[in-house]
Amino acid sequence: MRIEPESDGVSASTKHLVFAYYVTGHGFGHATRVTEVVRHLIHAGHDVHVVTGAPDFVFTTEIQSPRLFIRKVLLDCGAVQADALTVDRLASLAKYSETAVKPRAQILAQETEWLNSVKADLVVSDVVPVACRAAADAGIRSVCVTNFSWDFIYAEYVMAAGHHYRSIVWQIAEDYSHCEFIIRLPGYCPMPAFRDVIDVPLVVRRLHKSAKEVRKELGVADDVKLVILNFGGQPSGLKLKEEFLPSGWLCLVCGVSENEDLPPNFIKLARDAYTPDVIAASDCMLGKIGYGTVSEALAYKCPFVFVRRDYFNEEPFLRNMLEHYQCGVEMIRRDLLTGHWRPYLERAISLKPCYEAGINGGEVAARILQETAFGKNYASDKLSGARRLRDAIVLGYQLQRAPGRDIAIPEWYATAENQLGYTVPGSPVDDGSSGFSSDFENFDILHGDVQGLPDTMAFLQNLSELQDKHTRRERKAAANLFNWEEDIFVTRAPGRLDVMGGIADYSGSLVLQMPIKEACHVALQRIHPSKHRLWKHAEARQNDKGGNPTAVLQIVSYGSELSNRGPTFDMDLSDFMDGDKPISYEKAKKYFAQDPSQKWAAYVAGAILVLMTELGVQFEDSISMLVSSAVPEGKGVSSSASVEVASMSAIAAAHGLNISPRDLALLCQKVENHVVGAPCGVMDQMASACGEANKLLAMICQPAEIVGLVDIPSHIRVWGIDSGIRHSVGGADYGSVRIGAFMGMKMIKAKASEELSETCAANGLNYDEVEQDDVELLKQEASLDYLCNLPPHRFLALYAMTLPESIVGEEFLEQYKNHNDPVTTIDPKRTYGVSAPTMHPIYENFRVKTFEALLTSASSNYQLTALGELLYQCHYSYSACGLGSDGTDRLVHLVQELQHSAASKSEGGTLYGAKITGGGSGGTVCVIGRNCLKSSEHIFEVQQRYKKATGYLPFIFEGSSPGAVKFGYLKIRRRATPKKADANGSNGQVMVVEDSS
């Protein structure tokens, strides 16, 4: 603990200044850190007008001065939370629209007038977007003080809400672009709307009392362990019970209502209690991560047991800082709710927090603000005006998180992707020559072959190095995952590039898919519960249930730093049982959804439930799984399918299950449809399971019939270029287009039945031969199973003109009852496109068949031109459905520019076509071209032009690899004795295994 003596602070000024300080409406953490900056400004003799929706006591407890003016106005809403841990993404965007978008003109006029009326010298924002624009309109300079910005937080909400919310993020980014520079706090997120940055220490409220004084006032003895339950001033919503705490502990509870009764070992804190003093007096803190709680935990060396908050992108950055300074312990949400606190509290008090950096950020920030108001210029001129605005808007929405872009982001976060083995964009395909030493020879390979795959060799090498000391949590967990004396099964499943077919898969189209070089590896160990190495909290949970060894599933997933998800997951396999039967898929979906930070585990563990349900498999042994995927998430290359297929393959191999390739893919689709709840078709899983290197898997999705493997002619090459805009088949755009297609099919069937009835009524049984054929066609169309079985000419002749462009869900349900799609649900209040989503798969099926036929035709410029034209048609059809994006459109346009360039024509043609892939709304573009050096140079040029336009260097997918079935599985076991040193004295980095279970 550190109690700082009162410093001289910001030097008193002879000139009186007026600051207008805007505070976001999200949580108390912003208000409390603003208080510390404001205190120093007032101490220097300036007036500060705080514009906020927070209660007065947050400011007046610390500042009693006539120079503080509080103006109660709320100009943004932050993230709307259903409870202390649950962010409602759609409600957040909707409320922001109501609060800041619809009344925008009125807000700007009102704030501009007010700023001029108080004669503000500087506008400060933490971190209200519109305040920056209002300052610009009033002719006043503005500065932001923050560790995150709302464009970064809201950008991922847009993926779930739909493209019609994009303008909110663009507007926020544009507002921020008017800010002169940002005073950036530790634990910061990527903030691409800001180009000029000044870093300051932690902004932390000072202490008023010593720990001894606080404990004395609370009546808590020195030998009692004290934990403060702090959810940022919000009620925790927990039903607290006496048994939640170990013996000898007391819990101080923030945010409790006056009429709420607590168990005897829980103590209410007053609503206006000064929490820095209480935190400093406590042995540890339990709650959710926010800037205020994290900064005070670090400053006063109070170990923090935290529970993840879903869908709040600030969290990974603050969490990393906590763990770096040995001040954080993550608690699984279900253990919080069920009161399984003991192992976490005991772990927390064993930590030795080591944050020694500055905590005077409030003073430093105030000094910078004062100097800026006096006229000092901190902003550079090199990135201003139109460039700043363009970067703010483009990057404010795209928010790329990849190496190579010229925006400062935390180094640990930028390197996380490299540690997964992602290829540096634009690098040559790894031929294995620089590959890996044979360190994986520490394992005996009892079954299977690595097939010379560099990524598989790297994965085995990673396994062999798990006994090294690791600082990253996921590596530590993985090191304690396996019993090295037992067999381990390793499987591999690649992602896929959607060459043709895409979203038409759920309508029964022919699709052409290529497995890519990037893949997911899973290492799995099946072991008797008595030999299972349990993590400490899982072991404690088992002991609480009686201590008898029972089957437990433990999973470690690498790459958790790249998104706000937990790196580990564990559950008792008995949780999948309801009596003597498996639980329903609906119950399983709710089970995994209760903690969004661990929802990823549904893709892996869901395979176990599907095997229980569909094949009657019984799991009596424990299972440990390590998942490591180099298939980038959100790029439309089937990252989820590769995880599902690799997981299902590993489980099947370890349990001796003989599952056909087709059935394996269909079982994996059930995982995603029913356990995860994403309405995908089956082509992704089929390509990952059944594909072969450098071939296109041809499949008719009715539901999953493999037609064959199509060779890519040697003179043709295919690439994938990532737009950097995240994509999700669970997003609103994909789901609504799928619903629209099923609505259209229902309408077509109804129209065909109507035509059939009229024909029969008009002719009775007296048909000539032509009429009889027409009746048979109408009968087929009245009972249509898949849209793609309707030929384009029949669609145009009879049905195209009868379909509405769009329809409200409620109106459709009244007329047609349902849309007969088991994996999507119609929202009665939502408007769905119908004609475009229906037309797309009908024409796409024809385009794919034509594409396949062209691949086998004679080599010619016409062949390549026709193949490219089919890709372009597909791309613009996606856009007509509402599944386009600015990034993918830009990439396709760049390909078109180079296709028609003089350089291309001089080479006889290079690039010939491009299209958005997979579920659309971002992700990756597929490009087809001539297999020559100049084409590769043009792909590189597309990459560089895109970076110049957006600041983002796209990832290029090139190369292919075998599907999961072709790879099979490896069965490995660590050698009992170290490998002898070779002639060079190397011992192959043999690890000594210590049982730390």
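One is the number of the first residue; the rest follow in order along the sequence. Remember, predicted model here, so these are calculated numbers, not experimental data.
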A.B. asks: Which pair of non-hydrogen atoms, one from Trp249 and one from Cys284, has the smallest distance, and what is that distance?
C.D. replies: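 Looks like CZ3-SG, 3.7 Å.
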A.B. asks: Can you give the donor-acceptor pairs under 3.5 Å from side chains of residues 646-654 to other protein atoms, not counting sequence neighbours?
C.D. replies:
from	atom 1	to	atom 2	distance (Å)
Ser647	OG	Val643	O	2.7
Ser649	OG	Val645	O	2.7

A.B. asks: Would you call Asp572 and Lys545 a salt bridge, using N to O less than 4.0 angstrom?
C.D. replies: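 Salt bridge flag = yes for Lys545 with Asp572.
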A.B. asks: Please name the pair of heavy atoms, one in Tyr969 and one in His447, separated by the smallest distance, quoted to 0.1 Å.
C.D. replies: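 Heavy atoms only, the tightest pair is O-ND1, 3.1 Å.
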A.B. asks: Tell me, which pairs form a salt bridge (Lys or Arg N to Asp or Glu O under 4.0 Å) where one or both residues lie in residues 608-622, sequence neighbours left out?
C.D. replies: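 Those involving residues 608-622 are Arg526-Asp621.
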A.B. asks: Can you say whether the rings of His521 and Phe967 are parallel (under 30°), tilted (30 to 60°) or perpendicular (over 60°)?
C.D. replies: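 The rings of His521 and Phe967 stand perpendicular, inter-plane angle above 60°.
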A.B. asks: Check whether the ring centres of Phe619 and His655 lie less than 6.0 Å apart, and answer yes or no.
C.D. replies: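 Yes.
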A.B. asks: Pairing donors with acceptors under 3.5 angstrom, does anything connect the side chains of Tyr585 and Asn673?
C.D. replies: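 Side-chain D/A pair, Tyr585 to Asn673: absent.
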A.B. asks: Does a donor on one side chain and an acceptor on the other come within less than 3.5 Å for Arg496 and Ser638?
C.D. replies: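 Their side chains do contain a donor-acceptor pair, which is all the 3.5 Å distance test asks for.
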A.B. asks: Any salt bridge (Lys or Arg N to Asp or Glu O under 4.0 Å) involving residues 480-494? Give me the pairs, sequence neighbours left out, ordered by first then second residue.
C.D. replies: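 Passing the test, one end in residues 480-494: Asp455-Arg492, Glu486-Lys531, Asp487-Lys971, Asp487-Arg973.
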A.B. asks: Do the side chains of Glu539 and Arg533 get close enough for a salt bridge, i.e. N-O under 4.0 angstrom?
C.D. replies: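 No, this pair does not count.
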A.B. asks: Test: salt bridge (Lys or Arg N to Asp or Glu O under 4.0 Å). Region: residues 638-649. Which pairs qualify, not counting sequence neighbours?
C.D. replies: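 Every pair satisfying salt bridge (Lys or Arg N to Asp or Glu O under 4.0 Å) with a residue in residues 638-649: there are none.
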A.B. asks: For Gln542 and Thr550, does a side-chain donor sit closer than 3.5 Å to a side-chain acceptor?
C.D. replies: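 Yes, because at least one side-chain N or O of Gln542 sits under 3.5 Å from a partner of the opposite role on Thr550.
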A.B. asks: According to side-chain hydrogen bond (donor to acceptor under 3.5 Å, both in side chains), who are the partners of Thr338, at least two apart in sequence or on a separate chain?
C.D. replies: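 With sequence neighbours excluded, Thr338 shows a side-chain hydrogen bond (donor to acceptor under 3.5 Å, both in side chains) to no residue whatsoever.
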A.B. asks: Once side chain to side chain contact (heavy atoms under 4.5 Å, CB included) is applied, do any residues pair with Pro567, and if so which ones, sequence neighbours excluded?
C.D. replies: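 Testing Pro567 for side chain to side chain contact (heavy atoms under 4.5 Å, CB included), a comparison that skips the adjacent residues, returns Arg308, Glu330, Arg473, Glu474, Ser560.
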A.B. asks: When the ring centroid of Tyr344 is compared with that of Phe306, is the distance short of 6.0 Å?
C.D. replies: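 Between Phe306 and Tyr344, which both carry aromatic rings, the centre distance is not below 6.0 Å.
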A.B. asks: If you take all heavy atoms of Gly287 and Phe304, which pair is closest and at what distance?
C.D. replies: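 Smallest interatomic distance, heavy atoms only, reads N-CE2, 3.6 Å.
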